[in-house]
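Notes for the one structure printed next.
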Amino acid sequence: MKNIILTGDRPTGRLHIGHYVGSLRRRVELQNSGNFDKIYIMIADAQALTDNFDNPDKVRANITEVALDYLACGLDPAKSTLFVQSHVAELTELAFYYMNLVTLARLERNPTVKAEIKQKNFELSIPTGFLTYPISQAADITAFKANVVPVGDDQLPMIEQAREIVRSFNGLYGETLVEPKAVLPSNKACLRLPGTDGKAKMSKSLGNCIYLSDSPEEIKRKVMSMYTDPNHIKVTDPGNTSENPTFLYLEAFSTEEHFAKYLPEYANLNELKAHYERGGLGDMKVKKLLNAVLQETLEPIRLRREELAKDIPAIWDMLYKGSEKAKAAAAETLAEVKKAMKIDYFANRQ
Ligand code: ATP
Ligand code: MG
């Protein structure tokens, strides 16, 4: 069997440090590992429209933003196919057939979708397109015969749904589709990076993000006003590190080299944590370290991004070529699916 990756992001905003640790950093490693036959990275504009159908300008504008973030982080169009979902109409066709294999009750049970319905105030009237986006995501994954999907942990219910669809399709129509598996970040703090406001997830839709493209001043301002442990009032108070986003960010980003460089009185994060938990360590010191670590990590990404942003037509050109390539691959799978479903009436005429 071939080793194929499909993953992607919704063009609902610029990408943030949650995307970086949850998925982007890993993708670049996997891309450069040479262990994969094909890598598809999708900008999920059609999915973004399921809850942004009233704001097509936002979705359109963010396609280039996400593409710039990708390239700035090291995704390389020579090694990975970067494409736009809506250009590949075959994906919509696949989703239509998969809909027969999923019940409404099953869709309504999806915990990520449930949480998003609440977050978006869709409780009273859920757009059908939104409720069914996990089916469309199954189409995206299976169209490329992807076996590996690197994602953050909010995506696990989607991958589970895709696996069920594959089993059900193959059971009914014969072995055609490949069952995917999710690859999660190995570091626990990266599974779901919290927001700067302490909310459970940093999310473009919640406005609690540090973006990969933020200026040094913005990064500093956001770090300095971050939510910490509300019960750590005086410096001498013992503090909590396990639900404190400043420590979770350090968990996701800091290395021993950072400590040696910026805070040499501690050898590593464990020593810093122990001090905070005992009491006697102020939030300011932690935030200053975090700011230094983030500045160092994000600077090269931001500089590359500024260079790339000077030629937006080249970005669209790259996306067009990738989208055509993705379309050809999806068309092959669609032909197999139609054959398996016995609706390939005109296949021989083409
Ligand atoms: P939206 O609010 O529009 O849903 P989002 O910030 O959740 O945006 P997505 O485009 O939905 O971003 O997610 C893209 C990928 O990034 C997914 O694999 C998701 O699991 C991962 N991801 C998103 N937010 C985080 C986070 N805070 N921590 C870790 N991974 C994340
Ligand atoms: Mg999301």
Side-chain angles (χ1 to χ4, degrees), residues 5-28 30 39-56 58-63 65-67 69-70 73 75 82 84-85 110-122 129-130 133-134 136-137 140-141 146 148-162 180-214 222 226-227 245 248-249 251-253:
I5 289 181
L6 175 112
T7 184
D9 303 273
R10 295 149 38 92
T12 50
R14 291 173 288 148
L15 299 185
H16 53 62
I17 60 173
H19 297 119
Y20 185 70
V21 297
S23 163
L24 262 174
R25 184 166 63 179
R26 185 65 167 279
R27 281 182 212 171
V28 175
L30 296 174
I39 300 179
Y40 294 96
I41 312 282
M42 180 180 81
I43 301 184
D45 63 330
Q47 186 185 117
L49 284 166
T50 65
D51 56 321
N52 291 278
F53 45 83
D54 54 352
N55 200 350
K58 168 177 153 187
V59 172
R60 187 183 178 103
N62 281 305
I63 290 180
E65 298 291 340
V66 171
D69 286 325
Y70 283 171
C73 286
L75 287 176
L82 276 51
V84 180
Q85 184 185 23
N110 183 312
T112 300
V113 174
K114 258 191 191 162
E116 288 172 341
I117 285 172
K118 225 166 152 184
Q119 183 200 322
K120 295 169 205 300
N121 290 322
F122 279 164
F130 185 75
Y133 91 72
S136 134
Q137 205 165 313
D140 304 333
I141 297 168
V148 173
V149 189
V151 281
D153 81 339
D154 62 314
Q155 292 301 306
L156 286 179
M158 311 304 163
I159 311 300
E160 192 44 46
Q161 175 77 81
K181 77 169 187 297
V183 173
L184 295 176
S186 42
N187 177 340
K188 207 164 146 256
C190 302
L191 287 176
R192 191 177 302 208
L193 201 73
T196 50
D197 57 358
K199 289 220 178 80
K201 180 174 174 296
M202 180 175 287
S203 167
K204 300 182 217 102
S205 311
L206 296 175
N208 55 7
C209 308
I210 296 177
Y211 293 99
L212 295 174
S213 47
D214 275 347
K222 289 180 181 176
M226 264 177 80
Y227 176 94
L248 294 168
Y249 289 13
E251 194 88 61
F253 283 96

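For ligands, and for the atoms within them, numbers begin at 1 and follow the listed sequence. As the structure is a prediction and not an experimental result, all values here were calculated from the model.
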Using the six-membered ring wherever Trp is involved, compare the ring planes of Phe122 and Phe130 and label them parallel, tilted or perpendicular (cut-offs 30° and 60°).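 Correct class here is perpendicular.
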Just need the protein heavy atom nearest to [atom], so name the residue and atom and give the distance.
| atom | answer |
| --- | --- |
| atom 12 (O) of ligand 1 | His19 NE2, 2.8 Å |
| atom 4 (O) of ligand 1 | Arg10 NE, 3.2 Å |
| atom 30 (N) of ligand 1 | Gly18 O, 3.4 Å |

Which pair of non-hydrogen atoms, one from Pro56 and one from Phe53, has the smallest distance, and what is that distance?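 That closest heavy-atom pairing would be CD-O, 3.8 Å.
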Which atom names give the shortest non-hydrogen contact between Tyr249 and Thr196, and what distance separates them?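 Minimum heavy-atom contact is OH-N, 3.2 Å.
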With heavy atoms under 4.0 Å as the rule, classify the contact between [X] and ligand 1 as side chain, backbone, both or neither.
| X | result |
| --- | --- |
| Leu191 | backbone |
| Leu193 | both |
| Asp9 | both |
| Arg192 | backbone |

With no hydrogens and no angle check, just 3.5 Å: does a side-chain donor-acceptor pair link Asp140 and Gln85?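 On atom types as modelled, these side chains qualify, holding a pair under 3.5 Å.
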Any heavy atom of Ala44 closer to ligand 1 than 4.0 angstrom?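 No, Ala44 has no heavy atoms under 4.0 Å from ligand 1.
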Within the structure, is a non-hydrogen atom of Pro185 found at a distance of less than 4.0 Å from ligand 1?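 No heavy atom of Pro185 comes that close to ligand 1.
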Considering both backbone and side-chain atoms of [X], is one of its nitrogen or oxygen atoms within less than 3.5 Å of a nitrogen or oxygen in ligand 1?
| X | answer |
| --- | --- |
| Thr12 | yes |
| Gln119 | no |
| Lys204 | yes |
| Pro150 | no |
| Gln155 | no |

Report, in ascending order of atom number, the atoms of ligand 1 lying under 4.0 Å from any heavy atom of [X].
| X | result |
| --- | --- |
| Cys190 | 29 (C) |
| Gly22 | 29 (C), 30 (N) |
| Val151 | 18 (O) |
| Lys201 | 5 (P), 6 (O), 7 (O), 23 (C), 24 (N), 27 (N) |
| Gly8 | 14 (C) |
| Asp154 | 19 (C), 20 (O) |

Between the side chains of Arg27 and Asp9, is the shortest nitrogen-to-carboxylate-oxygen separation below 4.0 Å, so that they form an ion pair?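 Salt bridge present between Asp9 and Arg27.
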Within a 6.0 Å radius of atom NZ on Lys181, are there more than 12 heavy atoms belonging to other residues, nucleotides or ligands?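 No, because the 6.0 Å sphere around NZ of Lys181 holds 12 heavy atoms or fewer from other groups.
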Just one of Lys58, Lys204, Gln47 clears the side-chain hydrogen bond (donor to acceptor under 3.5 Å, both in side chains) bar with Thr12, so which one?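 Passing option: Lys204.
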